[in-house]
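Values reported hereafter were calculated over all heavy atoms of this structure, with side chains retained and with hydrogens, waters and symmetry mates removed.
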Amino acid sequence: MSEKLSTRVEYGKTLAELGEKNKDIVALDADLSGSTNTQRFAQAFKDRFFNMGIAEQDLMGTAAGLAVSGKIPFASTFAIFATGRGWEQIRQTIAYGGLNVKIVASHGGVTVGEDGGSHQAIEDLALMRVIPNMAVLVPADGIEIRRMVEWAVTYQGPVYIRTSRIPFPVIYDETYRFELGTGSILRDGDDLCLAGLGLMVHHCLEAAELLAAEGISARVLNLSTLKPLDWELVVASAQKTGALVTAEEHLVTGGLGSAVCEVLAEHYPVPVERIGIRDVFGISGKPKDLLEHFGLMAIDIRNAAHKVMKRKTRPISLELRQVLK
Amino acid sequence: MEKIRDLSQLEEIARQVRIDIVTMLNAAGSGHTGGSLSATDILVALFFGKMNLDPQDPHWILRDRFVLSKGHAAPTYYAILARLGFFDPAELLSLRRFGSFLQGHPDCNSTPGVEVCSGSLGQGLSVANGMALAARLDNLPNRVYVLLGDGEVQEGQIWEAAMSAAHFKLDKVTAILDNNRLQIDGKVAEIMSIEPLAQKWRAFGWHTLEIDGHNMDQILAALDAAEEVKDRPSIIIASTVKGKGVSIFENKVKYHGVAPTDVELDIALKELGAV
């Protein structure tokens with residue numbers, strides 16, 4: 001079994017490392033620094049860390065003020081509170097002003113687990129994606145989050161990065177380079193394309209294995225820059241394979257599934273199946289049980305792959321028709 | 001920039017700014033008359049008599065910072081920035097027009113001298129706190145001023161930020177509250193009472209001053225006094241009259257968000273001694 005890393009822990013480590021080199025980096029949290037992992041930065045750089053208490057609106061506003069005065073603020077709390085409670089502050093003061101605030105929010109998706117629906121952010125990506133100027137990123141593993149945070153320091157403008165509560169398998173090695181707006185092909189194939197975000201990228205890779213065993217070859221994409229989306233890669237993948245499955249630990253509305261469908265509807269319509277949560281809130285349970293309950297496992301992606309391939313408009317081979325029967 | 005401390009000179013600038021405000025609002029055909037006029041004396045005293053600024057270098061590192069948290073008083077802000085030399089006063093007539101750099105509410109990416117976007121109420125004090133924290137980290141001496149509306153303090157974020165400023169001992173932050181006692185739907189006291197205002201801010205740990213917001217001497221004295229306070233933020237609760245300076249607008253709820261008609265403009269200009 002491959003190594004697992006936690007994106008929130010790797011965020012905390014990376015931020016503390018970067019804080020050593022760049023004195024303009026400051027961090028803010030809203031009483032969740034142990035969970036978001038900004039605590040590491042707080043311990044190393046006491047004077048550059050601000051715990052705002054349980055006050056997310058003030059968290060975002062204060063981060064904005066620090067950014068206006070030339071600091072590079074990283075504002076962290078749980079994804080649902082950052083994007084929900086602080087949405088209008090992010091919209092009005094941070095994004096409208098184009099301010100250099102980095103929002104790195106943990107506990108995205110249903111893998112928050114036992115805390116239940118109130119704490120599981122399943123709409124954070126939608127809330128951030130609709131805001132002009134905002135870059136929206138979801139790391140596919142503990143390596144990618146490191147590269148994203150390093151990149152965010154060099155980028156001028158607002159950024160939203162979602163991290164997860166639970167550790168999950170590592171996909172990349174240390175040579176990985178993150179580039180804004182560039183998706184990556186993790187595995188190539190001709191019959192269809194699986195496009196994922198975060199933990200679901202790993203599930204896409206597992207699904208591709210299941211499909212390969214059935215004689216179906218799937219291309220797998222990591223579209224970790226949800227916005228700006230690598231629309232050229234999405235269109236090229238549609239042209240190459242003729243069908244897509246999107247997979248996200250998020251509502252199917254407003255996130256990756258929506259973004260991919262928007263691009264394809266405008267540029268190259270092909271059948272798409274969206275794996276994600278469908279208009280319900282999360283519930284308490286163990287992360288794995290919830291992933292199964294909401295249909296977010298590799299087998300669900302494999303099943304969606306079969307479904308989408310049957311909807312393909314271009315001819316498919318006799319052999320494949322047998323498999324899909 | 002040389003500061004003006006002569007009271008009659010400041011009063012004369014305020015008169016001219018009020019003329020600018022009614023003229024530009026009339027030209028725009030929409031905008032916030034009452035709250036722009038109530039804030040005029042406060043902002044003239046602050047910008048001309050107190051703040052360290054360099055209109056030739058809007059990003060001067062040592063400048064004092066200002067946040068117009070009650071962003072709908074943008075006409076006052078723009079008129080003052082223009083008269084200070086941040087841009088050509090002739091541009092004031094483009095307020096709210098398509099393509100203008102004078103947006104309906106302050107936009108830091110459009111207007112020289114504007115530090116931060118505002119207009120959605122309740123957010124400016126947090127931003128001011130962030131600016132003060134940054135200045136402290138950089139050992140810079142600049143102060144941060146923020147203008148709040150009275151209705152605005154109905155927003156919960158104001159009280160989050162009030163807690164933060166006291167908690168972080170942000171003595172470089174001076175808030176000024178334009179207490180004109182009216183909001184869009186009526187009297188503040190009737191819509192959602194904010195009293196006892198001074199007690200609330202004192203209870204939150206703020207050095208709290210109460211003044212007449214149309215008395216230049218009192219405004220300057222309060223701004224000076226705030227500078228002497230250590231380890232605590234200061235708030236100046238300035239009692240004002242909404243629509244101040246033009247009798248037909250004074251204390252009238254209606255003129256919160258209504259621009260002067262041509263007839264009203266004539267009356268206003270006459271009362272302000274412009275014609």
Side-chain angles (χ1 to χ4, degrees), chain A residues 19 22-31 41 45-75 77 81 85-103 131-133 156-158, chain B residues 58-69 71 103 105-111 114-140 142-144 146 155-170 172-173:
Chain A
N22 190 330
K23 303 297 176 201
D24 283 333
I25 296 175
V26 298
L28 305 91
D29 208 300
D31 197 37
F41 185 95
F45 312 104
K46 220 173 172 169
D47 59 330
R48 285 192 273 143
F49 175 77
F50 306 104
N51 199 327
M52 304 309 296
I54 309 160
E56 295 77 16
Q57 303 173 54
D58 193 37
L59 168 81
M60 295 305 169
T62 308
L66 284 155
V68 168
S69 292
K71 299 297 168 195
I72 306 171
F74 279 76
T77 179
F81 309 136
R85 197 62 162 264
W87 189 86
E88 215 231 348
Q89 285 69 24
I90 296 171
R91 191 266 186 197
Q92 300 283 7
T93 304
I94 294 173
Y96 184 35
L99 301 183
N100 199 25
V101 175
K102 319 302 173 186
I103 301 159
I131 301 178
N133 287 342
Q156 180 69 35
Chain B
H59 300 291
W60 176 40
I61 189 96
L62 295 177
R63 72 192 182 281
D64 289 330
R65 307 303 207 271
F66 174 73
V67 180
L68 184 68
S69 195
Q103 294 289 295
H105 292 81
D107 172 10
C108 54
N109 292 309
S110 293
T111 312
V114 171
E115 302 274 2
V116 62
C117 295
S118 62
S120 171
L121 295 173
Q123 303 195 17
L125 186 53
S126 301
V127 180
N129 290 344
M131 290 168 158
L133 288 170
R136 178 186 286 172
L137 286 175
D138 292 337
N139 286 314
L140 293 174
N142 63 278
R143 297 191 62 80
V144 185
V146 53
E155 291 279 8
Q157 189 186 349
I158 290 291
W159 301 101
E160 294 182 2
M163 259 187 278
S164 301
H167 178 80
F168 292 119
K169 299 182 168 44
L170 298 180
K172 294 277 174 42
V173 170

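Between chain B and the options A/Asp24, A/Thr62, A/Leu59, A/Val26, heavy-atom pairs under 4.5 Å are most frequent for A/Thr62. Each of B/Cys117, B/Ala161, B/Ser118, B/Gly130 has some count of heavy-atom pairs under 4.5 Å with chain A, and the biggest count is that of B/Gly130. Counting heavy-atom pairs closer than 4.5 Å to chain A, the top-ranked of the candidates B/Ala132, B/Ser120, B/Gly124 is B/Ser120. Contact count versus chain A (heavy atoms, under 4.5 Å) is highest, among B/Met163, B/Arg65, B/Met131, for B/Met131. Ranked by heavy-atom pairs under 4.5 Å with chain A, the first of B/Val116, B/Asp138, B/Asn129 is B/Asp138.
Distance check: B/Ile158 CD1 to A/Gln57 CD gives 10.5 Å after rounding to the nearest 0.5 Å.
Ring centroids of A/Phe45 and A/Phe49 are separated by 6.0 Å or more, keeping the two rings apart.
Both the backbone and the side chain of A/Glu88 come within contact range of chain B, each with at least one heavy atom under 4.5 Å from a heavy atom of that chain. For chain A, no part of B/Arg136 is nearby; none of its heavy atoms comes within less than 4.5 Å. With a threshold of 4.5 angstrom between heavy atoms, B/Ala128 does not approach chain A through any atom at all.
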Walk me through it: do A/Phe50 and B/Leu133 pass the test side chain to side chain contact (heavy atoms under 4.5 Å, CB included)? CA-CA 9 Å; A/Phe50 306 104; B/Leu133 288 170; 3.7 Å; yes
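Using a 4.5 Å heavy-atom cutoff, the side chains of A/Trp87 and A/Met60 are not in contact.
The number of heavy-atom neighbours closer than 6.0 Å to CG of B/Leu62, taken from other residues, nucleotides and ligands shown, is above 12.
Of the N and O atoms on the side chains of A/Gln92 and B/Gln123, not one donor lies less than 3.5 Å from an acceptor on the other residue.
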